[in-house]
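Chain identifiers are assigned alphabetically (A, B, ...) following the order of the sequence lines, protein sequences preceding nucleic acid strands; residue numbering begins at 1 within each chain.
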Number of protein chains: 2
Amino acid sequence: MKKRITIIEDNPIIREGFAAVVNSSALYEVCGQYACCEDALKNLHADAPQLVLMDIDLPGTNGIEGTIQIKKKRPDCIVLIITVLEGSDKVFQSLCAGAGGYIVKNSDTEDIVKDTNEAFSGGAPMSLHIAKMVVQSFNRAQDSPLSERETSVLRGIAEGKSYSKIALDLFISKETVRSHIKNIYQKLAVNSKADALKVAGSHKWIS
Amino acid sequence: MKKRITIIEDNPIIREGFAAVVNSSALYEVCGQYACCEDALKNLHADAPQLVLMDIDLPGTNGIEGTIQIKKKRPDCIVLIITVLEGSDKVFQSLCAGAGGYIVKNSDTEDIVKDTNEAFSGGAPMSLHIAKMVVQSFNRAQDSPLSERETSVLRGIAEGKSYSKIALDLFISKETVRSHIKNIYQKLAVNSKADALKVAGSHKWIS
DNA sequence: GAAAAATCCCCCAATCTGCGGGATTGAGGG
DNA sequence: CCCTCAATCCCGCAGATTGGGGGATTTTTC
């Protein structure tokens with residue numbers, strides 16, 4: 001039984017190219033190809049794809065919103081983003097939307113079948129730089145001006161705890177927490193919880 | 001000029017194996033091999049590696065702590081985690097510590113040189129399932145009991161804003177925010193900001 | 001021995017929070 | 001057509017929280 005694949009891509013040449021590659025493989029077959037998400041979603045139930053090759057920049061519903069819709073209707077369907085641009089925002093939005101991989105197609109190479117294999121094997125196909133971006137999103141910058149204890153306190157704030165709760169959790173007095181907060185505010189040049197979180201969060205200084 | 005690689009691995013057989021593979025390549029040379037992080041850190045400056053192959057389970061300082069130390073002293077040095085186990089905690093801790101890749105070595109295959117190439121080419125070498133885990137950490141579960149508006153309000157809470165600030169940002173009255181919060185508390189069966197964040201956060205219902 | 005970090009204490013005014021009551025509008029389903 | 005639900009808004013109140021100011025001591029680190 002061949003695995004069923006739907007292709008969503010507004011450029012007809014690229015779309016047909018993908019479809020030809022998929023159909024010529026022994027493992028996969030195209031169960032639907034569309035130029036926009038709206039059409040694809042309409043036939044999603046009938047097509048019953050196990051995997052969707054999705055372009056990001058589409059007229060109407062874009063690829064990210066489309067991914068959300070597809071995952072809502074068919075949670076087990078894998079969505080692979082295939083695009084020419086690698087804007088960092090798009091990458092993370094796509095992954096948050098439920099995409100199972102993000103491939104930047106470098107014009108000539110078309111390892112779609114290889115990437116599809118990888119996706120079905122329990123992997124997450126990504127281009128070199130995408131993988132790097134994703135991994136780097138984890139490494140926090142380490143040159144935080146905050147001391148270890150101050151970071152713990154700020155993490156408590158980030159979790160919405162009150163000073164008293166933080167004090168309890170860290171086995172210190174509420175007054176100590178206040179002292180730390182005062183120092184944090186001074187170091188970050190802010191004067192409120194929300195601002196401190198904004199500054200520290202943007203530099204990934206928390207947790 | 002060959003790229004310099006340090007190997008940290010307590011099993012001498014595996015360590016020697018890695019060293020042999022690296023030294024036999026045209027592009028890389030081993031500049032240091034150690035059974036523990038302590039020794040490696042002592043010679044880090046002298047060795048001046050561009051990349052470190054790091055085991056996770058080590059006597060004394062473990063691979064995660066070791067990665068942090070190395071990145072602190074040599075931020076531009078790439079650290080690749082090479083391990084037999086793939087505990088999910090370890091993966092994310094490693095990446096947060098600054099690791100540039102995470103490879104599960106399946107006994108026979110030793111594509112160390114291939115992975116090293118990928119790392120130096122601006123990629124983030126990862127095993128199939130590791131990549132999947134990393135990507136999945138982004139997709140939030142979508143079956144949130146909260147309405148869209150309630151989620152926005154809760155996100156405001158998560159950012160440390162006060163009710164008034166949230167009201168301003170969402171262009172609604174403070175009283176409306178309070179209503180939403182009341183509903184959120186009821187839906188999540190909690191009665192404080194911190195608890196709501198804990199429940200919603202653990203299910204990835206925010207942002 | 002100085003500097004930094006971490007701990008603790010006091011005061012005060014303004015704000016925020018959680019809880020108790022409500023109300024109105026509009027959209028969508030049965 | 002009615003009902004529900006989400007979303008909007010309103011009032012009052014007691015108690016906690018917050019940010020700002022002024023200190024202090026100890027331990028660690030250099």
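- Ion pairing of A:Arg15 with A:Asp55 is absent here, as no side-chain N (NZ or NE/NH1/NH2) approaches a carboxylate O to less than 4.0 Å.
- Counting non-hydrogen atoms under 4.0 angstrom, B:Lys193 reaches the backbone sugars and phosphates but no base.
- Checked for salt-bridge contact, B:Glu9 and B:Lys105 meet the test: a charged N lies under 4.0 Å from a carboxylate O.
- The list of ring-ring contact (aromatic ring centres under 6.0 Å, His included) pairs with a residue in residues 59-98 of chain A, not counting sequence neighbours, reads A:Phe92-B:Phe138.
- Look at CG on B:Leu188: it is 15 Å from C1' on C:dG18, rounded to the nearest Å.
- The distance between atom CG of B:Asn183 and atom C1' of C:dG18, rounded to the nearest whole Å, is 14 Å.
- A donor atom on one side chain and an acceptor atom on the other are found under 3.5 Å apart for B:Tyr34 and B:Asn43.
- Put simply, the side chain of A:Pro125 reaches to within 4.5 Å of the side chain of A:Leu80, judged on heavy atoms.
- Atom NZ in A:Lys182 sits roughly 14 Å away from atom P in C:dC8 (whole-Å rounding).
- What separates CD of A:Gln186 from P of C:dA5 is a distance of 12 Å, to the nearest Å.
- Among the atoms of the strands shown, only primed sugar atoms or phosphate atoms (P, OP1, OP2) are found under 4.0 Å from some heavy atom of B:Asn191.
- Using modelled atom types, one finds no donor on one side chain facing an acceptor on the other under 3.5 Å when comparing A:Tyr102 with A:Asp115.
- A:Glu150 places its CD atom 13 Å from the P atom of C:dA4, with the value rounded to the nearest Å.
- Taking every heavy atom of residues 161-180 of chain A and every atom of DNA chain D, pairs under 4.0 Å involve A:Ser162, A:Tyr163, A:Ser164, A:Arg178, by number.
- Between the side chain of B:Asp195 and the backbone N or O of B:Asn191, no donor-acceptor pair lies under 3.5 Å.
- The span of DNA chain D lying next to chain B, judged by atoms under 4.0 Å from heavy atoms, is bounded 5' to 3' by D:dA6 to D:dG12.
- Remark: C1' of C:dA6 and CD1 of A:Ile181 are 14 Å apart, rounded to the nearest angstrom.
- The number of heavy atoms from other shown groups lying within 6.0 Å of NZ (A:Lys187) is above 12.
- Remark: A:Glu29 engages A:Arg4 in a salt bridge, criterion side-chain N to carboxylate O under 4.0 Å.
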